[in-house]
Student: 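Okay, handing you the structure first.
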Amino acid sequence: MSEKTLEKTYEPGSVEGRWADYWIKEKLATPGERSEKPSFSMVIPPPNITGALHLGHALNSTLQDILARSRRMRGFNVLWLPGIDHAGIATQNVVEKQLAAEGLDRHKVGREAFIERVWKWKNESGGTIINQLKRLGASCDWTRLRFTMDEGLSRAVREVFTSLYKEGLIYRGDYIINWCPRCHTALSDLEVEFNETEGSLWYMRYPLVKPAGGIEYLTVATTRPETMLGDTAVAVNPEDGRYKALIGKKVRLPFVEREIPVIGDDSVSIEFGTGAVKITPAHDFNDFEVGRRHKLQSIKVMDESARMNENAGPFKGMDRYEARKKVVSGLEEKGLLEKTEKHKLMLGGCYRCSTIVEPTLSKQWFVKVAPLAGPAIEAVEDGRIKFVPKNWENLYFDWMRNIRDWCISRQIWWGHRIPAWHCRDCGGVTVSTIDPDKCESCGCKNIEQDPDVLDTWFSSALWPFSTLGWPEKTGDLKAFYPTSVLSTSFDIIFFWVARMAMMGLKFMKDVPFREVYIHALIRDAKGQKMSKSKGNVIDPLVMMEQYGTDAFRFTLAVLAAQGRDIKLAEDRIAGYRNFCNKIWNVARFTLMNLDETFFEAMASGRARVDESRFNMADKWIWERRNACIREVIEAIDTYRFDEAARVLYRFVWHELCDWYVELVKLDLRGESGAERKLDAQSTLATVMMDTMKLLHPFMPFITEEIAEKLPGHAGSLMAGDFPKEGRAFPDEAARMEDVMDVIRAVRNIRTDMNVPPSAMADCFCFADDPGLRETLSEGAEYIKLLARVKGLVIAEKGERPGDSVSAVAGAGQKKAEVFVPLGGLVDFEVEEKRITKELSKAEGEASGLMKMLGNEEFTKKAPPEVVEKDRARLEVLEEKTGKLKAGLERIRT
RNA sequence: GGGCGGAUAGCUCAGUCGGUAGAGCACAGCCCUUACAAGGCUGGGGUCACAGGUUCGAACCCUGUUCCGCCUACCA
């Protein structure tokens, strides 16, 4: 007995923390400085500093960890760089809430003190997700942890901003942007989330200044009546016969009594509404464009909180929704409201606070995207960046080709402050990487830095090179840029992938990553999106606590099929918890069977696995092991994590545990001699260790815990190597399968004939093929042990034993007829049914094959190997049906 | 409106070259056989959404239909 015994069940809670700490303490995820090994690098998609680990993070981190650990074990110099982003708006919201609780607000506190406060919050409670990732076992290089507001990364931001500005790719201008009236900041197009809402369409009459041809007024339809106060035109389609004559005429805007022109513009749909559209350039994206085309005046009617301003006449001071009601009722009183219809529309809300966004004219900083997008499109077109699965490329192209300029300024304080200084004297703008002390234009010192900060995604776009030290020319950049792969969710292809591609190509002259793996989205068991409001959120930390991190990780991996959403049900995790326990117990079995003699042999080097000393069972498991290694590597390299996990599951449970462990028990008992016992122990121990290595990228904790106790292992699996395929034994493995088939056939008979498991049976195997007889003789002890057989006879043919039940065994080329005598216990009726069933199945299959082989078209046109395969199959089936028929004959006579 | 994806066992899903439809879970029967009852053995269960087409042969390729997701869009 080994001293290293295991508990009967696996207790993840007691081992996970120890290993997580150990990996970090030993810095096992830190790549070698000057490594000869090929590089493999990834940057983590930086989670928000305000965030907690959710299933999306857990999935993505698990998959990345599988990549990182397997590559590391396979001899790559792996860098997986972790970090977090500063989440400008979200973080500011958190701290503003704190201030509000103290009866303060950021304006009372002041900019400098406020930012200090945010840093304080960051240091105290920000980035909890980092610890949660460590808990998940993520093998990031924690010594390289980065934060978007770090000094180095901030320098990269300034460098990029300045460079793009000098090149004219960053500009400042009056544009219509999405404004959040609660956060008081501009939002980029992507930060607005649209939802279908039940609204109304109001039909409003604008009186003509000079009624003509009996027409008194023009009716326009709108979903936002309050914006009419800022209307500066009414547009109609120039092709619209109804209104053609009115183009150039004027209408009088109710309430504010402004005279505005009727204009012709192609963008107006003739069919929708009345065919006449009110134009509010200061509060609508489309109207803004129309306004530019027709050089219309823009009149803002709301302030930064979306309250009506001085331009709103009698509605000044009202909230926009109150104003809407008052405008509608006012029009009604004047008889200018024609009708109201129910109308579904898409309303945009702030992605941080869901407040309905107000399109507003405002002075903002923009990145001119088109010149940057071109090269980024090309990089995907010519394959320098590959998407997996490939169809996501379409989404990328669509967006990149229809891209609008990116609004990068935010009216908040937490973030990278825009490195632009405005001159109070001459109005000139000075943009610089280092704080200037005078105006570039007039040389005066009366300058002031722009108050705005940059969109958080601006710094995230630089992440793949800023984290490696850019703009310094560092060794890390040289070794790890471009990164090998970026793993992320499809919903940030726009936010992040596309922008990284643009910035990487612009500033590094190379793609930021060679492959982009887009993982699935996790939904609940019913296929619904998880959300706090629905209450169907599964907390990964709770799952890890309850079922063990390894079980949880394995579940995520096995569900991560490409191109499909993941429906996560808790009982799946429980299922893989059982798998962990199975692994634990086969390890337990192994350790229980490695005795003193074995350890002594180990010490003297005699217990090394020796392929030339394998017996039939050893060769079979070795063959399966080789296949497992091959298939796992192939699957991981093509991002088929589900396939890899399935292969492992099958190997461990159905090959190693169900068969090899049962087969090897014979030799472990010492009945085949001490030498054979030692060989069996060596094979078992080796296969177990290899199994731990194979599983390690998926289940890092349990595998380390077990490997530590297995003989001949020191240190960590993580730092060790990955198993390599060994010698192949295809023919020997097939022979083992023939033996297994006989075992299955006997078990089958036993169950069907209700032979109690405790009763031993006799068995006769008749086989024409001498090779098969030899195989079965070699496997005789296995058949006895695993099919619970007492007396076993193997012969070419013989007297059919009396009162026996028969079956035909063999998945291989040749069939054996198996008889189990049951004394007086045979229920011939049951037996007849059994055989008839099997016979009809075989005959059905055979007749299908015969029909096909009888078809000349098939034999002529199908590839010869397919025809040959089917011929052989038919032959085997005919042998089988013959034997079954003979069996039936015997029963009936 | 445009685009993408899906429909295979009771459930969740694999199925890569077009060549015998698979797994896990669930279910049923028997079993506490010394690694494991979070287990073992055995079994039942499918018109591959529907209709055509291509082919010797289709779950797979093509066309159309139905249903279900998701993403996008300036019909105010």
Student: What integer distance in Å separates A:N581:CG from B:A38:P?
Tutor: 9 Å
Student: Of A:Y10 and A:P863, whose nearest nucleotide on RNA chain B comes first from the 5' end?
Tutor: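 Checking each residue's closest nucleotide, the 5'-ward one belongs to A:P863.
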Student: Which nucleotide, if any, forms a Watson-Crick or G-U wobble pair with B:A58, using both distances under 3.5 Å?
Tutor: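 Base-paired to nothing in any strand shown.
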Student: Of the listed nucleotides (B:G19, B:A76, B:C74), which one gets closest to any side-chain atom of A:N286?
Tutor: B:C74
Student: Looking at A:W392 versus A:F387, is the centre-to-centre ring distance below 6.0 Å?
Tutor: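 No, the ring centres sit 6.0 Å or more apart.
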Student: Quickly work out the A:L6 CG to B:A35 C1' distance and round it to whole Å.
Tutor: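 Spelled out: CG on A:L6 to C1' on B:A35 is 10 Å.
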Student: Is it the case that B:U16 (base atoms only) and A:R640 (side chain only) share a donor and an acceptor within less than 3.5 Å, ignoring hydrogens and angles?
Tutor: yes
Student: Distance check, C1' atoms only: B:G19 and B:C11, in whole angstrom units.
Tutor: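 Result for the C1' pair: 30 Å, nearest Å.
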Student: Can you find a donor-acceptor N/O pair under 3.5 angstrom joining the side chain of A:R646 to the base of B:A23?
Tutor: no
Student: Expressed in angstrom and rounded to an integer, what is the separation of A:R401 atom CZ from B:A73 atom P?
Tutor: 17 Å
Student: Pairing check on B:A35: which nucleotide meets the Watson-Crick or G-U wobble criteria with it, both distances under 3.5 Å?
Tutor: none
Student: Please measure how far the P atom in B:U12 lies from the corresponding atom in B:C75, and state the result in whole Å.
Tutor: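 After rounding to an integer number of Å, I get 35 Å for this pair.
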Student: Expressed in whole Å, how much space separates the C1' atoms belonging to B:G5 and B:C13?
Tutor: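 One C1' to the other, the span is 15 Å.
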Student: Roughly how many Å apart are B:A26 and B:U63, using the P atom of each and rounding to a whole number?
Tutor: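 Comparing P positions in B:U63 and B:A26 gives a spacing of 41 Å.
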Student: Among A:V236, A:L296, A:V268, A:V234, which one satisfies side chain to side chain contact (heavy atoms under 4.5 Å, CB included) with A:I263?
Tutor: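 Per the side chain to side chain contact (heavy atoms under 4.5 Å, CB included) rule, the option paired with A:I263 is A:L296, out of A:V236, A:L296, A:V268, A:V234.
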Student: Taking pairing as Watson-Crick or G-U wobble with both contacts under 3.5 Å, can you name the mate of B:A73, or confirm there isn't one?
Tutor: none
Student: Establish, with yes or no, whether the OP1 or OP2 oxygen of B:A76 is under 4.0 angstrom from a side-chain nitrogen or oxygen of A:H343.
Tutor: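 A:H343 to B:A76 OP1/OP2: side-chain N or O found under 4.0 Å.
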Student: Looking at A:N578, I'd like to know whether one of its side-chain N or O atoms comes within less than 4.0 Å of OP1 or OP2 on B:G39.
Tutor: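 Yes, A:N578 has a side-chain N/O under 4.0 Å of OP1/OP2 on B:G39.
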Student: With rounding to the closest Å, how many angstrom separate the C1' atoms on B:C50 and B:G43?
Tutor: 33 Å
Student: Nearest to the side chain of A:T9 - B:C4, B:A76, B:A38?
Tutor: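 That would be B:A38.
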Student: Any N or O donor-acceptor pair linking the side chain of A:K582 to the base of B:C36 at under 3.5 Å?
Tutor: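 It does, because a donor-acceptor pair links the side chain of A:K582 to the base of B:C36 below 3.5 Å.
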Student: Look at the rings of A:Y649 and A:F579 and say which category their plane angle falls in: under 30° parallel, 30 to 60° tilted, over 60° perpendicular.
Tutor: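 Aromatic pair A:Y649/A:F579 classed tilted.
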Student: A:D571 has a side chain; which of B:C4, B:C25, B:C75 sits nearest to it?
Tutor: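 Closest nucleotide to the A:D571 side chain: B:C25.
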Student: Answer yes or no: is there an ion pair linking A:R624 with A:E631, defined by an N-O contact shorter than 4.0 Å?
Tutor: no
Student: Both distances below 3.5 Å, Watson-Crick or wobble geometry, any strand: find the nucleotide opposite B:C67.
Tutor: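 The base-pairing partner of B:C67, which may sit in any strand shown, is B:G6.
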Student: Between B:U16 and B:U65, how many Å separate the two C1' atoms, rounded to a whole number?
Tutor: 29 Å
Student: From the set B:U72, B:A35, B:U16, return the single nucleotide nearest to any side-chain atom of A:C657.
Tutor: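 The answer is B:A35.
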Student: Given B:A76, B:G19, B:G24, which nucleotide is nearest the side-chain atoms of A:A221?
Tutor: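 Closest nucleotide among those given: B:A76.
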Student: Would one find a side-chain N or O of A:Y396 under 4.0 angstrom from OP1 or OP2 of B:C4?
Tutor: no
Student: Report the distance from atom CD of A:E7 to atom C1' of B:A35, rounded to the nearest whole Å.
Tutor: 14 Å
Student: Report the distance from atom CD of A:E11 to atom P of B:C36, rounded to the nearest whole Å.
Tutor: 15 Å
Student: Under 4.0 Å, counting only non-hydrogen atoms across every strand here, what does A:E662 touch: a base, just sugar-phosphate, or nothing?
Tutor: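 Answer is base: heavy atoms of A:E662 come under 4.0 Å of a base.
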Student: Within the structure, does a side-chain N or O atom of A:W653 lie under 4.0 Å from either OP1 or OP2 of B:G40?
Tutor: yes
Student: Can a side chain N or O of A:K8 be found less than 4.0 Å away from OP1 or OP2 on B:C36?
Tutor: yes
Student: Flag the pair A:I270 / A:R242 as yes when at least one side-chain heavy-atom distance between them is below 4.5 Å, and no otherwise.
Tutor: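 A:I270 reaches A:R242 side chain to side chain.
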Student: What are the two closest heavy atoms between A:L853 and A:T859, and how far apart are they?
Tutor: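 Closest approach of A:L853 to A:T859: O-CG2, 3.5 Å.
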Student: Atom CG of A:L710 to atom P of B:A35: distance rounded to whole Å?
Tutor: 17 Å
Student: Measuring only between side-chain heavy atoms, which start at C-beta, is A:V789 closer than 4.5 Å to A:V746?
Tutor: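 They are in contact (side-chain heavy atoms under 4.5 Å apart), so the answer is yes.
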Student: So what's B:C48 paired with, Watson-Crick or G-U wobble, going by both distances under 3.5 Å?
Tutor: none
Student: B:A35, OP1 or OP2 - any side-chain N/O from A:K665 closer than 4.0 Å?
Tutor: yes
Student: If you look at every strand shown and take non-hydrogen atoms under 4.0 Å, does A:V661 touch a base, only sugar-phosphate, or nothing?
Tutor: base
Student: Which is true for A:R650 with a 4.0 Å heavy-atom rule: it touches a base, it touches only sugar-phosphate, or it touches nothing?
Tutor: nothing
Student: Looking across every strand, which nucleic acid part, if any, lies under 4.0 Å from A:R588 by heavy atom: base, sugar-phosphate, or nothing?
Tutor: sugar-phosphate
Student: Just checking A:G854: base, sugar-phosphate only, or nothing, at a heavy-atom cut-off of under 4.0 Å?
Tutor: nothing
Student: Just name whichever nucleotide pairs with B:C41, Watson-Crick or G-U, keeping both distances under 3.5 Å, else none.
Tutor: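 Checking every strand shown, B:C41 finds its partner in B:G29, with both distances under 3.5 Å.
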Student: Under 4.0 Å between a side-chain N/O of A:H654 and OP1 or OP2 of B:G24, yes or no?
Tutor: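 It does, given that an N or O in the side chain of A:H654 lies less than 4.0 Å from OP1 or OP2 of B:G24.
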Student: Taking for each residue the nucleotide of RNA chain B bearing the nearest heavy atom, is the 5' side occupied by A:M852 or by A:D752?
Tutor: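 Closest to the 5' end, via its nearest nucleotide, is A:M852.
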Student: Among the candidates B:A76, B:U42, B:U20, find the nucleotide nearest to the side-chain atoms of A:T222.
Tutor: B:A76
Student: A:Y649 near the nucleic acid: base, sugar-phosphate alone, or nothing, with a heavy-atom cut-off under 4.0 Å?
Tutor: sugar-phosphate
Student: A:N593 has an atom CG; how far is it from atom C1' of B:U34, in whole Å?
Tutor: 10 Å
Student: Measure from the ring center of A:Y396 to the ring center of A:F494 and say whether it is less than 6.0 Å.
Tutor: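 No.
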Student: When the C1' atoms of B:C61 and B:G45 are considered, how many whole Å apart are they?
Tutor: 30 Å
Student: Picking from B:A73, B:U42, B:A14, which would you name as closest to the side chain of A:E643?
Tutor: B:A14
Student: Go through the side-chain N and O atoms of A:Y351 and A:E193 and say whether any donor and acceptor fall under 3.5 Å apart.
Tutor: no
Student: Centre-to-centre under 6.0 Å for A:Y547 and A:F552, is that the case here?
Tutor: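 No, the ring centres sit 6.0 Å or more apart.
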Student: Taking atom P in both B:A23 and B:A37, what distance in whole Å separates the two?
Tutor: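 25 Å, rounded to whole Å.
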Student: If you check the A:E845 side chain, which of B:U20, B:C70, B:U72 turns out closest?
Tutor: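 Minimum distance to the A:E845 side chain belongs to B:U20.
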Student: A:D658 has a side chain; which of B:G19, B:C75, B:C41 sits nearest to it?
Tutor: B:C41
Student: To the side chain of A:N585, which of B:U42, B:A35, B:C56 is closest?
Tutor: B:A35
Student: Using atom CD of A:E393 as one end and atom C1' of B:G3 as the other, report the distance to the nearest whole Å.
Tutor: 16 Å
Student: Which one is paired to B:C17, where only Watson-Crick or G-U wobble pairs with both distances under 3.5 angstrom count?
Tutor: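 Here B:C17 is not engaged in any pair, so there is no nucleotide opposite it.
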